There are 2 protein chains.
Amino acid sequence: MGIREPLGELGCGLSHALEVMGERWSFLILRAAFNGLYHFEEFSEELGIARNILSNRLGKLVENGVLERTPCETDRRKVEYRLTEKGLGLLPAMLALRQWGETYSDTCNRDLVLVDCRDGQPVKQIGVRAHDDRELGWHELGWQMPDKIGTPVDRHSHAYTKEDA
Amino acid sequence: MGIREPLGELGCGLSHALEVMGERWSFLILRAAFNGLYHFEEFSEELGIARNILSNRLGKLVENGVLERTPCETDRRKVEYRLTEKGLGLLPAMLALRQWGETYSDTCNRDLVLVDCRDGQPVKQIGVRAHDDRELGWHELGWQMPDKIGTPVDRHSHAYTKEDA
DNA sequence: CAAATATGGTTGCGAATCGAAACTTAACGT
DNA sequence: ACGTTAAGTTTCGATTCGCAACCATATTTG
């Protein structure tokens, strides 16, 4: 029956990431946190999310170490949700998603550009880089076992199968 | 009532990306597609996802231009789902998520490393880069209006508010 | 050709999750 | 003391999910 298998059994880090961030609203809450929102009511108002869901998601993000929950010193009704280091580590993933969305949506808002605040120049499109900084496409990539690193991979010689994972 | 507001009203490209990829399983289907799976039964077996949900997700991914659905030439019972250019464009986002998951999960599988298949060297950690390739953290970034690009941004001089968006 | 099998779904139904609004609890502010 | 604000919790109906069974078509087998 409808019991949700944790998804974490699917092996790779992606599954873990999705367990933490894969629910509706999680990424938008994160975006709001990146944009400097701290309080429950701020998230609620900004996102228009139902309060019970917001409560649940914030709890889960805290539980998973993405946000830190601290009662406010000056006003003890308030609670502050702040990004942890782990949460900040999601910036590349979030930005990559955003850039992808911007590239392929014709309706989304492009009024603000993410820039290097030192010089005001836009950041680069996020991509996959080799150790020597070359940009790599999917066809230039392959999976290798940790003990065989450094051995070139004959990509596309075989399709992916369970045995590979 | 539980009617799902499209989320797309939240402005930026992230909302659009989440509308396309934000549902449970979507990213794992994509990962499977990147790993060379083409057919309904392959996805079904690999992921253990319910068939109706798989059908629905594949349909949505096709509808959104991430996958292309083509009946197989040689066996017309079969259907091939292949990544489009738009779908391939999700590689950085997916990899960033995976890397994040690997960094912060202690249980996930690290038996395979993504490498540059030319030389077998692992790819770099995905990050945000300035136009001159410096790596940037969140505190070095700011939002700028398109017509003011090139003007340094005084980050953190003000918190994010609705007016900024 | 008929029957069996493979592939890619669709349908029905119960369980889990989501969403909106009302309610609760505790802390300020005056 | 009284109203207000902040952060949730509860309630309840709507939606979605997961499982199993069923269906439609194409291919293989006898």
Side-chain angles (χ1 to χ4, degrees), chain A residues 1-10 15 18-29 32-33 36-64 67-82 159, chain B residues 1-10 15 18-29 32-33 37-63 67-82 159:
Chain A
M1 291 139 207
I3 186 153
R4 280 189 132 135
E5 188 202 336
L7 260 208
E9 314 315 313
L10 276 299
S15 322
L18 291 173
E19 239 160 84
V20 177
M21 298 302 302
E23 278 161 312
R24 193 173 157 81
W25 295 113
S26 296
F27 258 107
L28 292 167
I29 291 172
L37 303 197
Y38 299 135
H39 304 294
F40 189 96
E41 298 295 338
E42 291 178 314
F43 290 110
S44 172
E45 192 180 347
E46 166 78 7
L47 300 174
I49 178 177
R51 301 175 70 82
N52 55 345
I53 305 297
L54 176 58
S55 174
N56 182 284
R57 290 299 172 279
L58 286 172
K60 223 170 257 189
L61 291 173
V62 168
E63 193 182 321
N64 285 309
L67 296 176
E68 194 182 16
R69 181 189 189 279
T70 41
C72 191
E73 288 294 318
T74 59
D75 182 343
R76 266 190 324 232
R77 290 171 300 180
K78 294 190 186 177
V79 170
E80 289 193 353
Y81 293 96
R82 285 174 182 281
Chain B
M1 303 129 200
I3 188 156
R4 280 195 152 169
E5 188 203 335
L7 262 208
E9 316 314 315
L10 276 298
S15 322
L18 291 173
E19 240 160 83
V20 177
M21 297 302 302
E23 278 161 310
R24 194 174 158 79
W25 295 112
S26 297
F27 257 108
L28 291 167
I29 291 171
L37 303 197
Y38 299 135
H39 303 294
F40 191 95
E41 299 295 337
E42 291 178 315
F43 290 110
S44 173
E45 191 179 349
E46 167 78 6
L47 301 174
I49 178 177
R51 301 173 71 80
N52 56 345
I53 304 297
L54 176 57
S55 175
N56 182 282
R57 289 300 172 276
L58 286 171
K60 223 171 257 188
L61 290 173
V62 169
E63 194 183 320
L67 296 176
E68 193 180 18
R69 181 189 192 279
T70 41
C72 189
E73 288 293 317
T74 60
D75 182 343
R76 269 193 319 235
R77 288 171 303 182
K78 294 190 185 175
V79 171
E80 289 195 352
Y81 292 95
R82 285 176 180 280

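Here is the naming used below: chain letters follow the sequence lines, and residue numbers restart at 1 for every chain. Quantities reported herein were computed from a predicted structural model and do not represent experimental measurements.
- When the C1' atom of C:dC18 is taken as reference, atom CG of A:L54 falls 13 Å away, rounded to whole Å.
- Checked by atom type and distance alone, the side chain of B:E46 never pairs as donor or acceptor with a backbone atom of B:E42 at under 3.5 Å.
- One atom, CD1 of B:I49, and another, C1' of D:dC17, lie 10 Å apart when rounded to the nearest Å.
- Nearest approach of A:F43 to A:I29, heavy atoms of both residues: CE2-O, 3.6 Å.
- In this structure, CZ on B:R51 lies 11.0 Å from CG on B:L58, to the nearest 0.5 angstrom.
- OP1 or OP2 of D:dG18 has at least one side-chain nitrogen or oxygen of B:W25 nearer than 4.0 Å.
- When all heavy atoms are compared, the tightest approach of B:L54 to B:F40 is CD2-O, 3.5 Å.
- For the pair B:R57 CZ and C:dT10 C1', the interatomic distance rounds to 16 Å; values are reported in whole Å.
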#### Entry: Nucleotide-resolved protein contact map, nucleotides 5-12 of chain D, B/S/- at heavy-atom distance under 4.0 Å
BSBBBBB-
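- Among all heavy-atom pairs drawn from B:E80 and B:H39, the shortest one is CG-CE1, 3.4 Å.
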### Query
Do A:V20 and A:K60 pass the side chain to side chain contact (heavy atoms under 4.5 Å, CB included) test, and can you show the C-alpha distance, the side-chain angles, and the key distance before you say yes or no?
CA-CA 8 Å; A:V20 177; A:K60 223 170 257 189; over 6 Å; no
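- Put simply, A:R76 has a side-chain N or O that comes within less than 4.0 Å of OP1 or OP2 on C:dC28.
- Atom-to-atom, CD of A:E19 to P of C:dT17 comes out at 13 Å; the value is rounded to the nearest Å.
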